[in-house]
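So you know, we letter chains A, B, ... as the sequences are listed, proteins then strands, and number each from 1.
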Amino acid sequence: MKIRTRFAPSPTGFLHIGGARTALFNWLFARKHKGTFVLRIEDTDEVRSTEDSVQAILDSIRWLGLNWDEGPKDSRLSEGPYGPYFQMQRLDIYKKFLDQLMRDAKAYRCYCSKEELDEMRRLAALEKRPPRYDGRCRNLTDHQKKEYEAAGKKYSIRFKMPDSGTTTVDDLIRGKVSFENNLLQDFVIVKTSGVPTYNFACVIDDHLMEISHVIRGDEHLSNTPSQLRLYEALGWTPPAFAHLSMILGPDGAKLSKRHGATSVLEYKNEGFIPGALRNYLALLGWATKNSQDLFSYEELISSFDIEGCQKNPATFDNAKLTWMNGEYIRKMPISELVEAAKPFLDEAGIRPSSGLTSLEAAISLEHQKYKKLTEIPALISFFYQPLEISPVAREKSLSAPEVPSILGDLSSLFETMSSFKEKEIEASVRQYAQQKGFKAGQVFHPLRAAVSGRTDGPTLFLMLEVMGRDEVIKRLKESSRLLAAGPA
RNA sequence: GGCGCGUUCGUCUAGCGGCCCAGGACGCUGCCCUCUCAAGGCAGAGACCACGGGUUCAAAUCCCGUACGCGCCA
């Protein structure tokens, strides 16, 4: 069988972590089986859907690297053999199947007003009955219908659910889950506006687009029996279903805005890289037999399977994501890292002019230290800014009485060196310390602080080499001047 | 309220009747390395497998309840 999966977001906001995870699983499954990954925009919520949201969602999915084979090209146009992929552009298609259901008497017009329905619900709550539609419009006489029509009453279309028996969802993750039909109500398939509801449009599209596997969030499991009845009424074979567990925030509630960042683009802006987010998200609700954590791009695709999917909800853990991001950054080739860091450097105003240390050199000095791209500017900024000695550096590393003479000696020493390479610098400085009877640290620490203004930083001698002799000497002199001038 | 789903270290999870007085990863703690901060290496703390009953020679693993959490229906 040809594997076709889909991700079908509603464009009513940004792409959230939960949605991204659903998209990822569909993408992984399709890629693993050499199938097709379809992106469909479910924009039938006329009030809340926006083009900006569509754009944001497309941007997010692209950034994550989940390339789709069929679907939108931009926020209005789509391409692929089963298009269009925007539901609002498919209304005539839904109409056709609605007519079929009406003809077969499997759906009917419901003239109940919002007030009537509210009242129905209120009564049900009062009598502690489930708040379901009582089916009062199901068997209206022709006379009643005419009367309502004449009165110009608005109507929605409801689907006739069987009122006995059970409907069983055979879920790839949860196994067989049964629902009593008499507990399912005659749900609305077309709203009074004439626009189909989620359950209706979704079924038609999944069938017409020949989706083989519907992989979606757990919150849709309860909708599935209703959809199954629709497939049956239309004479179609339903796809396979797999319902993914939810993603929770640290407090155990469904992940939402109040837990902090939840939109994929926010993660991008916080300095996470797509591969790491993909890898981490894959592990939320899925695992291999040996609990592997880090996967290469290809490995993730080949290892993925539905059996490894978890039934219980997973809590999003920023700490592990951050660790993983660091792992990915460490594995990145330096040129790629520099490219990825550029937007963050720009934002911090770091744009090295010629003559100064190259970004590649500066960034690679601390390559194993970055956990997020956002950390890069602060760690390399001292290369590109006028020397500024931090209070900690001044107190911890530069307060000893011998410091001024050491700094003076070192700058003379550096001037006389034949070459200014890491190994030679280290040898010379060690030799100097020994001659003067200082412990290595007594010299190293002031040197670092005087040149960078900080107590932490890259490995010392390589840093000096990278910075260059002229700049190092200039800074040693500047430090001496600042120290002589006393605390700022 | 009804229905549905879930419950193994703080978190993600391995486990599908004996190999488990429960393994890995993140985080945490300590040590080593070391010019600092990281990274890395090593070690450690951390789960009476939600609770209560069964079934079985044997249960985290199978069955039944209960509790709690979450979802759907409005």
Side-chain angles (χ1 to χ4, degrees), chain A residues 114 117-133 166-167 169 171 173-175 177-185 187-188 199 217-226 243-255 279-294 307-327 329-330 365-371 375 379 392-393 396-397 425-426 429-430 433 439-449 452 454-464:
Chain A
K114 190 172 177 307
L117 293 170
D118 285 345
E119 178 63 9
M120 223 180 281
R121 240 171 270 136
R122 200 182 59 80
L123 280 173
L126 223 59
E127 296 166 30
K128 299 210 188 293
R129 283 183 291 108
R132 67 189 275 263
Y133 177 68
T166 63
T167 299
V169 181
D171 190 272
I173 295 172
R174 286 154 206 287
V177 184
S178 297
F179 298 82
E180 297 284 331
N181 288 339
N182 61 15
L183 262 15
L184 268 21
Q185 62 176 332
F187 61 101
V188 175
N199 280 122
D218 192 26
E219 67 270 25
H220 293 292
L221 183 57
S222 304
N223 281 326
T224 310
S226 301
H243 287 92
L244 269 15
S245 60
M246 318 225 53
I247 299 178
L248 273 22
D251 59 354
K254 184 175 169 179
L255 192 67
N279 193 153
Y280 179 69
L281 249 23
L283 258 22
L284 277 186
W286 172 76
T288 56
K289 305 250 189 302
N290 59 352
S291 306
Q292 184 176 343
D293 284 292
L294 267 9
E307 289 93 85
C309 288
Q310 207 67 22
K311 293 194 189 82
N312 48 308
T315 304
F316 193 88
D317 181 17
N318 241 301
K320 185 153 186 178
L321 203 214
T322 303
W323 161 77
M324 197 170 272
N325 204 55
E327 289 289 320
I329 287 179
R330 257 167 258 135
L365 275 179
E366 304 253 56
H367 196 159
Q368 61 280 89
K369 203 176 286 184
Y370 316 120
K371 289 202 165 73
E375 291 164 358
L379 286 170
V392 192
K396 275 186 67 181
S397 307
I425 305 170
E426 177 164 5
V429 174
R430 279 191 191 278
K439 280 189 282 186
Q442 262 178 293
V443 179
F444 293 174
H445 296 307
L447 175 55
R448 166 187 301 288
S452 71
R454 313 186 328 189
T455 55
D456 59 359
T459 183
L460 181 57
F461 302 102
L462 186 55
M463 174 184 101
L464 297 177

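- When the P atom is used for both A25(B) and C62(B), the distance is 27 Å, rounded to whole Å.
- For Glu426(A), the salt bridge (Lys or Arg N to Asp or Glu O under 4.0 Å) test picks out Arg430(A), with sequence neighbours left out.
- Arg454(A) comes within contact range of no nucleotide atom at all, as no heavy-atom separation falls under 4.0 Å.
- Comparing G15(B) with A60(B), their C1' atoms sit 8 Å apart, to the nearest whole Å.
- Looking at residues two or more places apart in sequence or on another chain, you find a side chain to side chain donor-acceptor pair (under 3.5 Å) between Asn279(A) and Tyr328(A).
- Judged by distance alone, the side chains of His243(A) and Asp171(A) do bring a donor and an acceptor atom under 3.5 Å apart.
- U61(B) and C19(B) have their C1' atoms separated by 14 Å, with the value rounded to a whole Å.
- Between Met324(A) atom CE and A39(B) atom C1' there is a gap of 17 Å when expressed in whole angstrom units.
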Protein-nucleic acid N or O pairs under 3.5 Å, nucleotides 23-30 of chain B:
{"unit_1": "G23(B)", "atom_1": "N2", "unit_2": "Ser291(A)", "atom_2": "OG", "d": "2.8"}
{"unit_1": "A25(B)", "atom_1": "O4'", "unit_2": "Asp293(A)", "atom_2": "OD2", "d": "2.8"}
{"unit_1": "A25(B)", "atom_1": "O2'", "unit_2": "Asp293(A)", "atom_2": "OD2", "d": "3.1"}
{"unit_1": "A25(B)", "atom_1": "O2'", "unit_2": "Lys320(A)", "atom_2": "NZ", "d": "3.4"}
{"unit_1": "A25(B)", "atom_1": "N3", "unit_2": "Lys320(A)", "atom_2": "NZ", "d": "3.2"}
{"unit_1": "C26(B)", "atom_1": "O2'", "unit_2": "Lys320(A)", "atom_2": "N", "d": "3.3"}

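- Nucleic acid contact for Gly285(A): sugar-phosphate only, since backbone atoms but no base atoms lie under 4.0 Å from a heavy atom of the residue.
- Among the protein residues, Gln292(A) comes within range of no part of the nucleic acid, since none of its heavy atoms lies under 4.0 Å from any strand.
- With a 3.5 Å ceiling on both atom-pair distances, G46(B) lacks any Watson-Crick or G-U wobble partner.
- Remark: U7(B) base-pairs with A67(B); criterion is Watson-Crick or G-U wobble with both hydrogen-bond distances under 3.5 Å.
- At a threshold of 4.0 angstrom between heavy atoms, the contacts of Ser397(A) with the nucleic acid are absent.
- Here, U11(B) and C49(B) have their P atoms 16 Å apart, quoted to the whole Å.
- Here Glu219(A) pairs with nothing under the salt bridge (Lys or Arg N to Asp or Glu O under 4.0 Å) rule; sequence neighbours left out.
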Can you tabulate the close N/O pairs, meaning under 3.5 Å, that link protein atoms to atoms of nucleotides 33-36 of chain B?
{"unit_1": "C35(B)", "atom_1": "OP1", "unit_2": "Arg430(A)", "atom_2": "NH2", "d": "2.9"}
{"unit_1": "C35(B)", "atom_1": "O2'", "unit_2": "His445(A)", "atom_2": "ND1", "d": "3.3"}
{"unit_1": "C35(B)", "atom_1": "O2", "unit_2": "Arg448(A)", "atom_2": "NH2", "d": "2.7"}
{"unit_1": "C35(B)", "atom_1": "N3", "unit_2": "Leu460(A)", "atom_2": "N", "d": "2.9"}
{"unit_1": "C35(B)", "atom_1": "N4", "unit_2": "Thr459(A)", "atom_2": "OG1", "d": "2.3"}
{"unit_1": "U36(B)", "atom_1": "O2'", "unit_2": "Thr455(A)", "atom_2": "O", "d": "3.0"}
{"unit_1": "U36(B)", "atom_1": "O2", "unit_2": "Gly457(A)", "atom_2": "N", "d": "2.7"}
{"unit_1": "U36(B)", "atom_1": "O2", "unit_2": "Gly457(A)", "atom_2": "O", "d": "3.0"}
{"unit_1": "U36(B)", "atom_1": "N3", "unit_2": "Arg448(A)", "atom_2": "NH2", "d": "3.2"}
{"unit_1": "U36(B)", "atom_1": "N3", "unit_2": "Gly457(A)", "atom_2": "O", "d": "2.6"}
{"unit_1": "U36(B)", "atom_1": "O4", "unit_2": "Thr459(A)", "atom_2": "N", "d": "3.3"}

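- Shown here, A60(B) forms no base pair; nothing in the strands shown gives a Watson-Crick or G-U wobble contact with both key distances under 3.5 Å.
- Comparing the C1' positions of G65(B) and U7(B) gives an interatomic distance of 15 Å, to the nearest angstrom.
- Between His367(A) and Ile329(A), the closest heavy-atom pair is NE2-O, 2.7 Å.
- The CD-P distance, from Gln310(A) to C12(B), rounds to 9 Å in whole Å.
- In terms of the ring pair (Phe, Tyr, Trp, His ring centres under 6.0 Å) criterion, His445(A) has no residue partners (sequence neighbours excluded).
- Here Thr322(A) pairs with Phe272(A), Asn318(A), Lys371(A), Lys372(A) under the side-chain contact (heavy atoms from CB on, under 4.5 Å) rule; sequence neighbours left out.
- By the side chain to side chain donor-acceptor pair (under 3.5 Å) test, Asn223(A) is found to be paired with no residue, residues two or more places apart in sequence or in another chain being considered.
- The partner of C16(B) is absent, by the rule that a Watson-Crick or G-U pair needs both atom distances under 3.5 Å.
- For Asn312(A) and Gly308(A), each mapped to the nucleotide of RNA chain B holding its nearest heavy atom, the one lying further toward the 5' end belongs to Asn312(A).
- When Watson-Crick and G-U wobble pairs are counted only if both distances are under 3.5 Å, G1(B) pairs with C73(B).
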Filtered N/O pairs between nucleotides 16-18 of chain B and protein, under 3.5 Å:
none

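- Ile247(A) has its CD1 atom 18 Å from the P atom of G6(B), to the nearest Å.
- Of the C1' atoms belonging to C21(B) and C33(B), the separation is 36 Å, rounded to the nearest Å.
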Using the 3.5 Å cut-off, write out each protein N or O paired with an N or O of nucleotides 63-65 of chain B and the distance between them.
none

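- Side chains of Asn181(A) and Thr167(A): a donor-acceptor N/O pair is present below 3.5 angstrom, by distance only.
- Take Lys320(A) and apply the side chain to side chain donor-acceptor pair (under 3.5 Å) test, not counting sequence neighbours, and it matches Asp293(A).
- Only the P atoms considered, C72(B) is 43 Å distant from A58(B), to the nearest whole Å.
- Contacts of Phe179(A) classified as ring pair (Phe, Tyr, Trp, His ring centres under 6.0 Å), with partners at least two apart in sequence or in another chain: none.
- C64(B) sits 24 Å from G1(B) when the P atoms are compared, rounded to a whole Å.
- With salt bridges taken as basic N to acidic carboxylate O contacts below 4.0 Å, none links Arg448(A) and Asp456(A).
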